[in-house]
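A short write-up of the structure that comes next.
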2 protein chains.
Amino acid sequence: MPQPPAPRRTLGRPPRISREEMVAAARRIVDAEGVDRLTMRRLATEIGSTPMALYHHVRNKDQLLVLLLDDYAVRTLRRPEVPDEPRERVVAAAAAIHEALADCPWIVEVLTADDLMSASALWFVEQIVDGLVAGGLSPERAVHGYRAIWYYTAGEIMIRATAARRRRTDDGPTYRDQVFAALDPDELPRLSEVAQRWAPLTAEDTYLDGLRALVDGLLAAR
Amino acid sequence: MPQPPAPRRTLGRPPRISREEMVAAARRIVDAEGVDRLTMRRLATEIGSTPMALYHHVRNKDQLLVLLLDDYAVRTLRRPEVPDEPRERVVAAAAAIHEALADCPWIVEVLTADDLMSASALWFVEQIVDGLVAGGLSPERAVHGYRAIWYYTAGEIMIRATAARRRRTDDGPTYRDQVFAALDPDELPRLSEVAQRWAPLTAEDTYLDGLRALVDGLLAAR
DNA sequence: GTGAGTTTCTATACATGTAAGAAAAGTAGC
DNA sequence: GCTACTTTTCTTACATGTATAGAAACTCAC
């Protein structure tokens with residue numbers, strides 16, 4: 001009823017852990033033992049707490065990973081020299097994001113977050129959108145163009161990271177190998193032609209080529 | 001008189017469940033109750049077995065989902081009329097894959113599988129690779145081009161599906177909303193300019209636009 | 001028949017994320 | 001002091017994927 005006019009001191013039980021502490025501890029665990037070892041229980045013991053206490057500072061484990069990625073971005077994203085030429089500016093900014101993310105491929109699950117807008121990454125987004133506008137696109141189309149670039153970039157990282165992980169854990173012939181072994185050259189001539197080279201070809205890193213093609217296409221569309 | 005004990009070549013205890021039965025039961029569960037209800041235990045009871053018995057027909061739950069997607073692809077992927085013109089053939093084939101996958105967005109986790117090449121999807125891959133070759137690319141570059149298209153397509157589906165799921169479960173302002181509310185117009189002018197329109201803009205379905213840009217760029221690259 | 005070999009199935013157990021609710025540790029007003 | 005309220009922490013419990021060990025059900029050689 002008589003709600004205090006709120007001199008706003010800290011009310012309630014004082015917290016013993018903070019988000020920042022959690023993220024720092026999580027980073028230590030990931031750096032030292034790998035992301036697989038990062039569990040809510042492990043993190044809780046690391047900071048001398050209990051698993052459920054963490055949930056007052058973080059909605060769920062996914063959000064913890066998002067914060068972790070954010071922290072990583074803040075620490076490692078350095079703004080590169082961006083060229084003036086719009087096309088190259090877009091490519092440079094996207095490539096910088098890609099390079100940073102590809103270096104910590106454990107965030108794959110997190111990458112599907114809608115935009116992955118850590119505040120420290122926004123500068124790169126700005127470069128991309130601005131570059132597209134400078135290249136002649138309307139602001140609306142520039143946002144769409146940025147999204148296309150993000151889809152391509154995130155997809156590349158997620159798919160390549162999963163493939164790499166699978167290569168480590170799996171042994172024996174892949175499902176893909178079986179499928180390619182049974183190709184009918186009459187029905188699928190092109191695929192038969194490249195069947196043996198498929199694995200090495202798809203293992204190559206052609207992110208930049210695809211990115212350039214996409215940016216070219218976006219800018220060419222008036 | 002039908003010979004009851006057919007000359008059984010198979011050694012060991014005869015199986016009581018099969019992969020096909022598993023996939024069919026899994027499909028029933030997913031169709032009727034949603035993918036969240038598809039658990040190994042639920043599937044086991046559905047076919048009158050035990051959870052661990054399933055693991056003799058499937059390596060893990062992920063593989064079950066891959067089989068489910070495969071089954072889905074076989075049933076729903078219909079080969080469309082593809083134009084002769086290379087560029088349009090590539091776009092049509094990619095769009096067909098995209099449309100089919102976007103209709104069952106529960107396979108998001110599975111999409112990161114390296115290629116997700118169900119045998120029934122290979123025809124579409126053939127169209128894309130062949131279209132790129134017809135457009136002037138070498139077979140190697142055509143494979144790379146196909147991969148770029150796949151990255152873009154899978155990324156789009158994964159990110160949009162996650163965003164849609166989040167929209168259902170979350171309430172309250174997004175992290176993104178907070179970030180955009182705190183934009184500094186001096187440092188990030190373009191983003192500030194479109195900040196209010198960001199949510200609707202990124203909610204639009206612009207897959208085809210991006211795809212066309214990407215294909216254009218791939219074909220224009222010499 | 002019996003026993004060996006092979007494959008499939010079952011029982012049990014564990015680590016994980018996290019829901020639900022009780023308890024603790026503060027502040028504010030009396 | 002005490003009570004009311006608020007916020008954080010702790011306890012307990014559950015569903016899930018799956019590892020492990022062994023039991024069960026079959027064929028084959030004898």
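All values derive from a computational prediction rather than experimental measurement. Keep in mind that the numbers below use all heavy atoms, side chains included, and drop hydrogens, waters and symmetry copies.
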When you get a sec, tell me which of dC9(C), dA19(D), dT9(D) is the closest nucleotide to the side chain of Met52(B)?
dA19(D)
Closest to the Leu11(B) side chain: dG17(D), dT27(D), dT18(C)?
dT27(D)
Tell me: CZ of Arg41(B) to C1' of dC14(D), nearest whole Å?
10 Å
Roughly how many Å is it from CD1 in Ile17(B) to C1' in dT7(C), rounded to a whole number?
13 Å
In this structure, how many angstroms lie between the C1' atom of dT8(C) and the NE2 atom of His57(B), rounded?
7 Å
Closest nucleotide among dC9(C), dT18(D), dC10(D) to the His56(B) side chain
dC9(C)
Tyr152(B) and Tyr207(B) aromatic centres sub-6.0 Å:
yes
In whole Å, I'd like the distance from the OH atom of Tyr55(B) to the P atom of dT10(C).
15 Å
Interatomic distance, CD1@Ile128(B) vs CD1@Ile149(B), rounded to 0.5 Å, equals 5.0 Å
One should read off an interatomic distance between Asp209(B) CG and His144(A) NE2, to the nearest 0.5 angstrom, of 8.0 Å
Geometric class of the Trp198(B)/Tyr146(A) ring pair [parallel <30°, tilted 30-60°, perpendicular >60°]
tilted
Atom-to-atom span, CG of Leu43(A) to C1' of dT9(D) - whole angstrom:
15 Å
Just to be sure I understand the rule, does Arg16(B) reach a base, reach only the sugar-phosphate, or reach nothing, if contact means heavy atoms closer than 4.0 Å?
sugar-phosphate
Quick test of your reading of the model: are Arg147(A) and Glu204(B) salt-bridged, counting only N-O distances below 4.0 Å?
no
Kindly point out which of dC10(D), dC9(C), dC26(D) is positioned nearest to the side chain of Ser49(A)?
dC10(D)
Specify the separation, in whole Å, of atom NZ of Lys61(B) and atom C1' of dG17(C).
14 Å
Look at Arg27(A) together with Glu46(A) and state whether they make a salt bridge at an N to O cut-off of under 4.0 Å.
no
Does the pair Glu187(B)/Arg79(A) count as a salt bridge with the N-to-O cut at 4.0 Å?
yes
Report yes if a side-chain nitrogen or oxygen of Thr39(B) is closer than 4.0 Å to either non-bridging phosphate oxygen (OP1 or OP2) of dA15(D); otherwise report no.
no
Heavy atoms from C-beta onward define the side chain here; which of dT18(C), dT7(D), dC9(C) lies closest to that of Ala53(B)?
dC9(C)
Between C1' on dG17(C) and CG on Asp36(A), what's the gap in Å once rounded to a whole number?
15 Å
Quick one: on DNA chain D, does Arg13(B) or Arg37(B) contact a more 5' nucleotide (nearest heavy atom)?
Arg37(B)
How many Å lie between CG on Leu54(A) and C1' on dA19(C), as a whole number?
15 Å
Between the two end axes of the helix from dG1(C)-dC30(D) to dC30(C)-dG1(D), each built from 5 base pairs, what angle do you get to the nearest 10°?
30°
